[in-house]
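Indexing begins at 1, ligand by ligand and atom by atom, following the structure's order. In what follows, every heavy atom counts, from backbone to side chain, and hydrogens, waters and symmetry copies are set aside.
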Amino acid sequence: MYGYFGTTIIQSLLLFAGIITAGELTGFWMESALGFISLALGISVWRRNQMYRWLEKRPGQPMTQVPGLWLDMTRRIQKREAELSAERDATHRLLANLHQSLASLDAGLVHLTNEWRINWWNKPATQLLGLREAFDKDASVFNLVRTPELFDYVEAQQFELPITLPSPITSGTMLEYTVCSIEHTGYLMVVRDVTRFTRLERMRSDFIANVSHELKTPLTVITGYLETILDNQLVSDGGVRAVEQAFKQADRMNSLIKDLLMLSQLETTEPDSDPQKIRIQDLVENAIQDAQEVKKAVNKVDTQISTGVIPRISVLGDWNELSSALTNLTGNAVRYSHDGADIEIDFKMRGDDGVLTIRDNGPGIPPEHLPRITERFYRVDNSHSRETGGTGLGLAIVKHILYRHGGTLEVTSKVAQGSEFRMVFPADRIES
Ligand code: ADP
């Protein structure tokens with residue numbers, strides 16, 4: 001009622017008044033003081049015992065309603081307990097809602113410890129991965145998804161892109177795993193059933209491959225006839241230009257079909273499991289030779305192609321794919337730069353990675369186009385690209401080839417200053 005300090009003052013005054021009154025009445029000051037102090041101590045011990053017993057009881061039980069210091073303290077404890085209990089209830093409700101929301105997601109969520117042990121999962125994860133509470137809690141995730149790809153993916157710690165693997169429990173089902181690291185507590189793995197998307201993607205690739213293949217034969221026949229007409233001068237002067245145009249377009253279509261087939265082959269086949277050792281020097285020499293042809297074809301005979309000092313280093317991969325990638329980038333540098341431009345091919349180590357750079361002092365690429373230039377058929381300047389014989393698939397092919405070699409394509413460019421395309425190979429692909 002009077003609070004902690006009020007009660008303390010009142011109790012002290014009462015004690016003091018008791019001692020004074022008893023001392024005055026009896027004349028025994030010392031005995032009165034000792035008597036009253038002992039009485040106060042006794043009451044204090046009694047109340048303390050009461051409080052101790054109360055603390056041992058279940059929370060919420062009332063304390064004996066005797067006013068004083070201890071009652072005030074118990075009230076404060078009770079108030080704090082009630083607050084904590086309300087906070088706990090709110091947290092429980094929040095957790096229950098969260099669990100319910102996570103269970104209603106169509107993606108499986110698995111929380112993994114820092115040691116990749118399964119700690120918690122939601123209901124969809126039970127269905128997608130066949131997790132069982134009694135067996136799989138604390139088990140290693142690699143015991144559940146027994147594929148070396150997942151282990152390699154996790155070991156590389158590069159979680160920007162998801163990984164798609166066959167389901168460990170249902171044949172024919174494809175699951176996509178996305179992992180993100182959670183500070184201090186481990187990892188969160190999101191699992192999605194992507195069987196339908198994989199099938200659609202496969203159908204799309206097959207369709208493009210089939211169409212391209214079917215177009216190849218009639219187009220070869222058409223090109224053949226047009227060539228015969230031109231070679232044997234079977235049309236009068238007025239018709240020559242038309243046939244020449246038809247031949248040029250048929251040739252363009254041939255390149256397009258060739259690139260489409262190459263892209264679809266890159267998408268649908270597994271990378272070579274036994275890669276060859278390819279000398280960087282050989283790749284560069286081959287690209288320079290091909291670039292001479294491009295120079296002639298696009299009338300850029302004054303363009304200079306030089307190389308830096310190429311170290312005696314090899315890259316592990318597929319010759320056809322890597323030479324095609326480098327030829328593509330060198331060809332682009334020739335085609336998009338002015339006649340007389342300087343192109344440089346160079347190889348350097350960057351940490352453990354090997355970087356093959358193709359640099360030109362051509363027109364450069366405006367920054368807003370850079371994020372999209374590796375998309376299929378994306379062109380910075382439509383008309384110019386077609387003029388120079390581009391199919392719009394070159395960089396998409398290069399990107400895919402590098403991806404199959406565990407590498408990446410980096411591009412930096414400045415308008416009116418030039419572009420730099422870098423083929424980056426990881427350490428495990430480089431051999432000195
Ligand atoms: P394309 O067959 O049209 O060359 P690519 O995929 O090879 O298609 O290139 C995409 C676009 O990127 C090109 O259309 C061109 O606008 C731009 N590009 C590529 N390389 C260069 C370069 N070295 N300099 C300037 N622009 C370039």
Side-chain angles (χ1 to χ4, degrees), residues 208 212 248-267 283-284 287-288 290-308 320-346 355-404 407-424:
I208 293 174
S212 311
K248 210 171 142 195
Q249 290 306 319
D251 197 42
R252 222 177 82 72
M253 215 163 149
N254 251 326
S255 311
L256 199 62
I257 288 175
K258 211 175 95 232
D259 278 1
L260 275 173
L261 277 171
M262 170 129 192
L263 201 53
S264 112
Q265 189 223 334
L266 291 172
E267 279 180 341
L283 277 177
V284 174
I288 293 178
D290 287 351
Q292 301 305 335
E293 297 298 314
V294 183
K295 270 168 62 173
K296 275 187 229 149
V298 296
N299 215 6
K300 303 266 171 82
V301 283
D302 287 332
T303 292
Q304 301 296 320
I305 306 174
S306 60
T307 63
N320 286 336
E321 292 183 14
L322 290 178
S323 61
S324 156
L326 185 58
T327 300
N328 238 309
L329 295 179
T330 328
N332 273 355
V334 173
R335 287 189 295 118
Y336 293 110
S337 304
H338 54 277
D339 189 14
D342 289 319
I343 296 167
E344 198 190 344
I345 308 178
D346 182 28
V355 185
L356 187 55
T357 307
I358 301 90
R359 205 175 291 117
D360 66 57
N361 60 349
I365 302 167
E368 66 272 23
H369 294 287
L370 281 177
R372 298 195 60 192
I373 53 165
T374 54
E375 286 175 21
R376 284 150 217 229
F377 298 114
Y378 189 84
R379 290 167 171 122
V380 175
D381 173 354
N382 250 327
S383 56
H384 187 58
S385 167
R386 289 213 175 82
E387 242 171 59
T388 53
T391 60
L393 293 171
L395 293 182
I397 290 177
V398 176
K399 189 176 153 184
H400 230 92
I401 290 174
L402 284 169
Y403 176 69
R404 281 161 72 88
T408 47
L409 175 68
E410 293 178 355
V411 191
T412 40
S413 188
K414 275 214 173 104
V415 174
Q417 286 185 25
S419 311
E420 189 174 294
F421 287 79
R422 292 182 296 275
M423 298 166 69
V424 185

Review point. Any side-chain heavy atom of Asp342 within less than 4.5 Å of one from Asp360?
Key: no
(Q) Less than 4.5 Å apart, side chain to side chain, heavy atoms only: is that true for Asp259 and Ile397? (A) yes
Would you say ligand 1 has an N or O under 3.5 Å from any N or O of [X]?
{"X": "Leu395", "result": "yes"}
{"X": "Asn328", "result": "no"}
{"X": "Thr391", "result": "yes"}

Query raised in the report: When you look at NZ of Lys399, are more than 12 heavy atoms from neighbouring residues, nucleotides or ligands closer to it than 6.0 Å?
Result: no
If we set the cut-off at 4.0 Å for heavy atoms, which region of [X] has an atom near ligand 1: side chain, backbone, both, or neither?
{"X": "Arg335", "value": "side chain"}
{"X": "Phe421", "value": "side chain"}
{"X": "Ile365", "value": "side chain"}

When rounded to the nearest 0.5 Å, the distance separating CZ of Arg359 from OG of Ser306 is 9.0 Å
One should read off an interatomic distance between Asp290 CG and Ser324 OG, to the nearest 0.5 angstrom, of 9.5 Å
Distance under 4.0 Å to a non-hydrogen atom of [X]: what atoms of ligand 1 satisfy this?
{"X": "Ser419", "value": "24 (N)"}
{"X": "Gly394", "value": "5 (P), 6 (O), 7 (O)"}
{"X": "Tyr378", "value": "10 (C), 11 (C)"}
{"X": "Val380", "value": "14 (O), 16 (O), 17 (C)"}
{"X": "Arg379", "value": "3 (O), 14 (O)"}

Only heavy atoms count here, so choose which of Leu329, Ile373, Asp360, Ile358 is nearest to atom 12 (O) of ligand 1.
->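 Minimum heavy-atom distance to atom 12 (O) of ligand 1 goes to Ile373.
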From Ala333, Gly418, Pro366, Gly392 - option closest to atom 2 (O) of ligand 1 by heavy atom
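Looking at heavy atoms only, Gly392 sits closest to atom 2 (O) of ligand 1.
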Where do [X] and [Y] come nearest, in terms of heavy atoms and distance?
{"X": "Lys300", "Y": "His338", "value": "CD-C, 3.9 Å"}
{"X": "Pro363", "Y": "Ser337", "value": "CD-CA, 3.9 Å"}
{"X": "His369", "Y": "Tyr378", "value": "ND1-OH, 2.7 Å"}

Practice task
Go through the structure and list residues passing salt bridge (Lys or Arg N to Asp or Glu O under 4.0 Å) with Arg422, not counting sequence neighbours.
Solution key: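 In terms of salt bridge (Lys or Arg N to Asp or Glu O under 4.0 Å), with neighbours along the sequence ignored, Arg422 is linked to Glu410, Glu420.
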